[in-house]
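We name chains A, B, ... by the order of the sequence lines, and we start the count at 1 in each one. Since the structure is predicted, the reported quantities are computational estimates derived from the model, not experimental observations.
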There are 2 protein chains.
Amino acid sequence: MSTYRLAPVERADAARNRAKILKAAAELFEAKGAPNVTMEDIAKAAGVGRGTLYRRYPDRSSIAVALLDEHERALQEKLIRGEPPLGPGAPPEERLAAFYAAMVELLEAHSHLVLGAETGRSRFETGAYGFWRVHVRSLLPPGSDALVDILLAPLAPEVYSYQRERGLTPGQITEALRITSRVIAEPQRS
Amino acid sequence: MSTYRLAPVERADAARNRAKILKAAAELFEAKGAPNVTMEDIAKAAGVGRGTLYRRYPDRSSIAVALLDEHERALQEKLIRGEPPLGPGAPPEERLAAFYAAMVELLEAHSHLVLGAETGRSRFETGAYGFWRVHVRSLLPPGSDALVDILLAPLAPEVYSYQRERGLTPGQITEALRITSRVIAEPQRS
DNA sequence: GACACAAACGGACAGCATGTCCACATATAG
DNA sequence: CTATATGTGGACATGCTGTCCGTTTGTGTC
């Protein structure tokens, strides 16, 4: 009985191509804006064929997700094990405000990626959204399920970039979100 | 000097075709879901050529907007001249809650249309969004510009339909929005 | 180092939706 | 009845997507 290898090692050329693809995609997203970049653009820029590209990344958004992954993971780490108020220990209201602020930073820093990845409905399908969901859920009193997606809605990339285009600064948006986070302060009905 | 006619009368056949198009589109949206309906589907179902269709409606969303128009106008009317708390007279917090409730009804009744029309970025471009924006803006204390789009974000069709698919009822969503509307109750900082 | 096999590659290809264009038809005004 | 603007329909060109399969390249074995 031999050992199973559930994740067979990635071949050297495959790894090389993955790197080339991610690098090329990052540059193109930055330069032309994610929605305007076609799969073919990426394949050509990376110097690989369409088939190779599709083998790993079935669509644009999966590439953007891969590119965003490390940044989102860093934030997730801080939420779980970081210092308060982002991490555990502070009152829910402050933790939510801190989460909002961190998300604004993330949106601001990677808007081009995020606009390619988590746009429209597909936003809800990403693993990251699931994580944010669980996190915010944990800050709310039981039974306020419907509030979760409502509180996350303003963080949709479209909303954020729309606000920025209207001339709002990240600071103003953060402040408005801070006010919003007050809704969870007093669970009792008015 | 003759009289100008800025909007030359629509020809009879044109009016007939417009009606056929809207009727066919409404049925198709209902049957297959707006995103799955192609321009060609609509043209064929309406019994007109592609060119005819494109002449009036350059894309799917403009058709959905036309279909939604009357419903949205009815709500807009109530916001301006209707009874409180939807119309003027009630305190801002209650008016916002009433607006939320009315929007939930509208989303619930016309989700198929709304999902075709006001999805993603294009949502912000519609006249209706501008109207909601001005309305909510008028309920807020001066200087809370950034709050407007944040308060409107949960009404994005994607968010609503996602919540519904997760099993939340319109009532639960309305209730959560009612809680959200409390943010504007006390403008002072905590 | 040579071999064999699996994994990866790449580009041709078919499908599909979009949006344009223009020769032709039809309503309306005079 | 005629002239003309307006509207019509469908062929066409374009661009993107995703798949398929013959060929190439790594990797583990002898």
Between P of C:dT26 and CZ of B:Arg16, the distance in whole Å: 11 Å
Distance test, side-chain N/O of B:Arg60 to OP1/OP2 of C:dT18, below 4.0 Å: yes
Nucleotide D:dG15, atom P - distance to NZ of A:Lys32 in whole Å: 12 Å
Within 6.0 angstrom of A:Glu77 CD, more than 12 heavy atoms from elsewhere: yes
Interface with DNA chain C, restricted to residues 36-43 of chain A and to heavy atoms under 4.0 Å: none
Nearest-Å distance for atom pair CZ/P, residues B:Arg55 and D:dA5: 14 Å
Atom NZ of B:Lys20 with >12 non-hydrogen neighbours under 6.0 angstrom: yes
Sugar-phosphate only, base, or nothing, as touched by A:Arg18 at under 4.0 Å among non-hydrogen atoms: nothing
Quiz item: A:Arg11 side-chain donor-acceptor pair to D:dT25 base, under 3.5 Å: yes
Between C:dC21 (C1') and B:Leu53 (CG): distance, integer Å: 16 Å
Under-4.0 Å salt bridge between A:Glu27 and A:Lys23: yes
Qualifying salt bridge (charged side-chain N to carboxylate O under 4.0 Å, His left out) pairs with a residue from residues 137-146 of chain A, counting only residues at least two apart or across chains: A:Arg137-A:Asp145
Separation of C:dT20 P from B:Arg56 CZ (nearest whole Å): 16 Å
Sequence neighbours excluded, every pair satisfying ring-ring contact (aromatic ring centres under 6.0 Å, His included) that has a member inside residues 72-99 of chain B: B:Phe99-B:Trp132, B:Phe99-B:His135
Ion pair A:Glu158/A:Arg123, N-O distance below 4.0 Å: no
Residues in ring pair (Phe, Tyr, Trp, His ring centres under 6.0 Å) contact with B:Phe29, at least two apart in sequence or another chain: none
Listed once per pair and sorted, the ring-ring contact (aromatic ring centres under 6.0 Å, His included) pairs that draw on residues 51-74 of chain A, sequence neighbours left out: A:His71-A:His110
Proximity to the side chain of A:Tyr54 - top-ranked nucleotide from D:dT19, C:dC9, D:dT27: D:dT19
Polar side chain donor-acceptor pair, B:Arg166 to B:Tyr162, under 3.5 angstrom: yes
Restricting both atoms to N or O, compile the protein contacts to nucleotides 9-11 of chain D shorter than 3.5 Å, with distance only.
| unit_1 | atom_1 | unit_2 | atom_2 | d |
| --- | --- | --- | --- | --- |
| D:dG9 | OP2 | B:Gly49 | N | 3.2 |
| D:dG9 | OP2 | B:Thr52 | OG1 | 3.0 |
| D:dG10 | N7 | B:Arg50 | N | 3.4 |
| D:dG10 | O6 | B:Gly51 | N | 3.0 |

